[in-house]
Protein chains: 2
Amino acid sequence: MPDEELLYDLADLFKVFSDTTRIKILYALFDTPRSVNDIAETIGATQSAVSHQLRILKQARLVRFDRDGRSLIYSLADDHVHTMLAQGMTHICE
Amino acid sequence: MPDEELLYDLADLFKVFSDTTRIKILYALFDTPRSVNDIAETIGATQSAVSHQLRILKQARLVRFDRDGRSLIYSLADDHVHTMLAQGMTHICE
DNA sequence: TGATTATATGAACGCATGCTCATATGTCAA
DNA sequence: TTGACATATGAGCATGCGTTCATATAATCA
C-alpha cells in the first residue's frame with residue numbers, strides 16, 4: 001500500500017482529467033498548440049471558462065505555454081499526457 | 001477531435017479514479033482480493049462508505065466480485081486497472 | 001500615451017458528490 | 001424459522017467545483 005500522501009496526489013491527478021472541459025482542452029492541444037481564444041472557439045467554451053481550467057492544467061503541469069505577441073500559445077506539457085489520454089480511451093473502447 | 005460523447009465517457013472514467021477512498025480501495029485490491037469488511041479495515045473507512053464506493057467502481061467495471069459464504073470477495077476487474085494506476089503513479093513520481 | 005486586444009482573476013451561484021446514520025436486504029447456522 | 005453476520009441502500013447534510021459575469025492585468029500598436 002503506497003504512502004497516504006501519494007494516494008492523495010494520485011487522486012488529484014486523475015481529478016484534473018475528470019472534467020469534460022479540461023479533456024476537451026487537452027484534445028484540442030493533442031497535436032496543435034493553440035492560443036486561449038483558439039481553444040475557446042475550438043471546444044465551444046467561454047474564454048473565461050477556458051482560462052480558469054488552463055490554470056488548473058498548468059498547476060498539474062499538464063500544459064505549458066509560450067508567448068507569441070499578445071497571445072499565449074498553450075501546448076501539452078509532455079508525452080505523458082498523450083499516454084494518459086490514450087490509456088483511458090483504450091479502456092473506454094473495449 | 002473525438003466524438004463529444006466519447007469525451008464525456010473518458011472524463012467519467014477518470015472521475016472514478018479521482019477520489020481518495022476509491023483509490024485506496026483499488027490499491028487494497030491491487031494484488032489481493034478482499035471482502036467488503038476487509039477492505040474497510042484495510043483502508044480505515046466505514047463499511048457503508050466502502051460499499052457506496054464499490055457500487056461506483058462496479059458500475060465503471062473496475063472491480064468484480066465472487067461470493068464466499070456470506071462474504072463478497074472483490075477484486076480488480078482486469079489488468080487495465082493496474083495499468084491506469086501505474087501510469088498515473090509514474091506521472092506523479094517524476 | 002492611449003486604445004485595443006488577449007488573458008487572468010474574483011465573487012457568487014447552482015449542482016454534483018461523498019460521508020454519516022439508520023435501516024433494509026440477503027445469507028448462513030443452529 | 002430465528003438470530004447473527006455481511007453487505008447494500010436511502011435520506012440528509014456539508015463540501016467542493018465549474019460556470020458566468022464583471023473587472024483587472026498585461027502587452028502591443030497607432
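Since the structure is predicted, the reported quantities are computational estimates derived from the model, not experimental observations.
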Practice prompt. Give the intermediate values and the outcome of side chain to side chain contact (heavy atoms under 4.5 Å, CB included) for residues Val81(B) and Phe30(B).
Written response: CA-CA 9 Å; Val81(B) 185; Phe30(B) 200 84; over 6 Å; no
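Between the side chains of Thr83(B) and Asp79(B), no donor-acceptor pair of N or O atoms lies under 3.5 Å.
Among the protein residues, Ile56(B) comes within range of the sugar-phosphate backbone only, with heavy atoms under 4.0 Å from sugar or phosphate atoms but none that close to a base. Note on Ser71(A): only backbone sugar-phosphate atoms sit closer than 4.0 angstrom, heavy atoms only; bases stay farther off. Residue Phe65(B) is out of contact with every strand shown, counting any heavy-atom pair closer than 4.0 Å.
Residues Asp68(A) and Arg70(A) are not paired through a salt bridge, judged by the lack of any N-O separation under 4.0 Å between the basic side chain and the carboxylate.
Dashed line: the shortest gap from a side-chain N or O of Gln53(A) to OP1 or OP2 of dC17(D) is not under 4.0 Å. Here Tyr74(A) reaches the OP1 or OP2 of dA8(C): one of its side-chain N or O atoms lies under 4.0 Å away.
Near-neighbour residues of DNA chain D inside residues 2-39 of chain B, defined by a heavy atom below 4.0 Å, number-ordered: Ser35(B), Val36(B), Asn37(B).
The CG-P distance, from Leu54(B) to dA6(D), rounds to 16 Å in whole Å. The distance between atom CD1 of Ile43(A) and atom C1' of dG18(D), rounded to the nearest whole Å, is 12 Å. In this structure, Arg55(B) atom CZ and dT25(C) atom P are separated by 15 Å, rounded to whole Å. As rounded to whole Å, 13 Å separates atom P of dT7(D) from atom CG of Asp66(B).
In terms of heavy-atom proximity, Gly88(A) sits nearest to Leu10(B) at C-CD1, 3.4 Å.
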Worksheet item: Quick one: what's the B/S/- string for nucleotides 20-30 of chain D, heavy-atom cutoff under 4.0 Å, read 5' to 3'?
Response: BBB----SBS-
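Annotation: the span from Phe65(A) atom CZ to Ile73(A) atom CD1 amounts to 11.0 Å, rounded to 0.5 Å. The CG atom of Asn37(A) sits 10.0 Å away from the OG atom of Ser51(A) when rounded to the nearest 0.5 Å. For the atom pair CG of Leu85(B) and CG of Leu7(A), the computed distance is 9.5 Å after rounding to the nearest 0.5 Å.
Checking side-chain atoms of Asp19(A) against main-chain N and O of Arg22(A) turns up a donor-acceptor pair under 3.5 Å.
More than 12 heavy atoms of other residues, nucleotides or ligands lie within 6.0 Å of CD in Glu94(B), so this atom counts as buried by the packing criterion.
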